[in-house]
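Okay, structure first, notes after.
Letters A, B, ... are given to chains in the order of the sequence lines, protein chains preceding strands, and every chain is numbered from 1. Note that this is a predicted model, so its numbers are computed, not measured.
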Number of protein chains: 2
Amino acid sequence: MTVSRALRDPDKVSAKTLTKIREVVDRLGYVPDPAASALAAGKTNVIGVIVPSVTNNVFSDVMRGIYEAAEGSKWQIQLGNSRYSPLEEESLVRTFLSQRPAGLVLSGLDQSEDTARLLERADCRIVQIMECGPAPYDMMVGFSHVEASAAATRHLLAAGYRRPGYIAARLDPRSQRRLAGFRGEAEKAGVFDAGRIVTTPRPSTVTLGCELVADLLSKAPETDAILCNNDDLALGALFECQRRGIRVPDQMGICGFNDLEMMAAANPPITSVRTFRLAMGRDAFRMLTGALAGIEPEQPVVDLGYEVVARGSTARNGQG
Amino acid sequence: MTVSRALRDPDKVSAKTLTKIREVVDRLGYVPDPAASALAAGKTNVIGVIVPSVTNNVFSDVMRGIYEAAEGSKWQIQLGNSRYSPLEEESLVRTFLSQRPAGLVLSGLDQSEDTARLLERADCRIVQIMECGPAPYDMMVGFSHVEASAAATRHLLAAGYRRPGYIAARLDPRSQRRLAGFRGEAEKAGVFDAGRIVTTPRPSTVTLGCELVADLLSKAPETDAILCNNDDLALGALFECQRRGIRVPDQMGICGFNDLEMMAAANPPITSVRTFRLAMGRDAFRMLTGALAGIEPEQPVVDLGYEVVARGSTARNGQG
DNA sequence: TTGTATGCGTTATCAA
DNA sequence: TTGATAACGCATACAA
């Protein structure tokens, strides 16, 4: 029928026929069958998104950015949860690809070899998010975790702290790079001490932040500042210090990562590294759908940067 | 081919043919096309899930429950974000239904009339989550928000607080029922005062918790306890009290709702009403897929209950 | 600008 | 137990 044309490319149909078709469509409550469309066209309007976690605030902000950008468009977002497992990610990529998606959004740079092979052969557009790196499969939008945490470290040093420690949970690749950023900068300043690094494979929570600080202080009581791998840990660190009567920021500086909303509300407000998660989701969607519409991005890799937001938790009065 | 049978119903094919088919499938890397399957069979393995927010911790826990339950199964989760809008919800339901999903998971009881009509006619199984109510479209798993917040109110009264206030943000239907639960119980005890209720349509954040408390205290400085519509607000309330030098729990009791993990880590730990969000997601998935497999639930409506978790923020020493 | 024929890859029906 | 055939509803290519 001409109906198919009318619905997808109204310009190619005369105005008269168009109105007639629309009238009938309304009356019958006709809705196109996406399965039939997918089968005939050999492609879909599905954009697959794979994130390591659906509960982590960081990724839910990114997801929100994607969903908001997709709102009202013809694109269907399909979300996969890899639970930080490269194997689950691979399985999700396989499932998604079998659906002939128009595009795929992946997190990070550290796909398994098999996944990488699948992606290189895939005939859909791909955006990697969360990080910036040298060799995108296709496109990329994120920031440098190494640089961001190096900047946070410099902030601590500039505030006068001299015996900084680091706490981290679930050492996924991005966490590791943040730790590396801290280490590099601390070594450069001659204040690095591996004894002031405490990590655990457990997923990060506020409670875990308390525990890691307890650990850190028992091993290295001289610690005068803590760079936390994320904001949950930072909040826990603040609570634990307060419970122990350790004055923040005077006796102990605390810095988080991501700058979740609650950081500014804490007492004292907690210094953190702001990242642009909503924008990341939105931009990833726009790059992808733009490319699908034939508009190639000016740069395949977009660096959204970061921003150290200094607050009370590192506003030291005296000096170290 | 016999191949289709072999893959979906291996019992109907002889062992010999089966192994032969599997060998060829492996060798060729054959993957079935879900679009063709959907078209031919007139149904899919898609389970549509519509939540009001992808960033709210409450829903991300539910989502996690669903995704974890679905992990490795044949069921495809498709997530929609209605952003607390009945209209967006309706549009999502329409989109999902056009895909002939096997099932649908919806949040709450307050769909628009048009949505309700769509759902009643839909030929797929439906589970409503987050609440319990009398007339499910099909199945339901949640709890009573009225009862839960009434219980929290009783806890405050039992702890000796006599001038309780209530703060709430974004008055979605569930928030309103929680407020109603507070009001009912406070009136029953003769301690209700509408002047101690502060609400706002803005989405809830920790910062907003601070602001609402500031508002509440300026209007009703006699307030000696705050029941918060959720945990973000409760955390903000704690921070704000601490900033003002108001002693928690002695001068002010604070109670949250949902019992997010951070409540237990705070200083003092914050009393909250625990809800079983992970279980809710998991059970909703299981009820749905069970029903699809022909196993009807014993009860169409499952009440998961709640639990008031008393902590330091309402452990008053003296009395009110 | 509109209509017609053909095929997408699978499932369902029926026959062998 | 297996094979053949006809849909499923749309898009593509081509003809009118």
Any donor and acceptor pair, going by atom type alone, linking the side chain of A/Thr17 with main-chain N or O of A/Val13 inside 3.5 Å?
-> no

Take B/Arg202 and B/Arg170, measure what side chain to side chain contact (heavy atoms under 4.5 Å, CB included) needs, and give me the verdict at the end.
-> CA-CA 5 Å; B/Arg202 289 157 63 195; B/Arg170 175 139 50 199; over 6 Å; no

When every non-hydrogen atom of B/Met130 is compared with those of B/Arg174, the smallest separation belongs to CB-CD, 3.8 Å

Listed pairs, N/O of protein and of nucleotides 7-10 of chain D, under 3.5 Å:
residue : atom : partner : partner atom : Å
D/dC8   : O2   : B/Ala40 : N            : 3.4
D/dG9   : N2   : A/Ala36 : O            : 3.4
D/dC10  : OP1  : A/Tyr30 : OH           : 2.5
D/dC10  : OP1  : A/Asp33 : N            : 3.2
D/dC10  : OP2  : A/Tyr30 : OH           : 3.4
D/dC10  : O5'  : A/Tyr30 : OH           : 3.4

Using a cut-off of 6.0 Å, state whether more than 12 heavy atoms not belonging to B/Arg100 lie near its atom CZ.
-> no

Among pairs that include at least one residue of residues 44-63 of chain A, which meet salt bridge (Lys or Arg N to Asp or Glu O under 4.0 Å), considering only residues two or more places apart or in two chains?
-> A/Asp61-A/Arg277

Rounded (10°) bend between the five-pair end axes of the helix from C/dT1-D/dA16 to C/dA16-D/dT1 | 30°

Which heavy-atom pair separates A/Asp110 from A/Pro173 by the least distance, and what is that distance?
-> OD2-CB, 3.1 Å

Could you give the CG-to-P distance, from B/Leu28 to C/dG9, as a whole number of Å?
-> 14 Å

note: A/Lys43, atom NZ; C/dG7, atom P; distance rounded to Å ~ 20 Å

Using a cut-off of less than 4.0 Å, is there contact between a side-chain N or O of A/Thr17 and OP1 or OP2 of C/dT1?
-> no

Given atom CG of A/Leu18 and atom P of C/dT2, what is their separation to the nearest angstrom?
-> 9 Å

Check ion pair A/Arg83-B/Glu71 (N to O, under 4.0 angstrom) = yes

With a 4.5 Å limit on heavy-atom distance, are the side chains of B/Asn230 and B/Asn56 in contact?
-> no

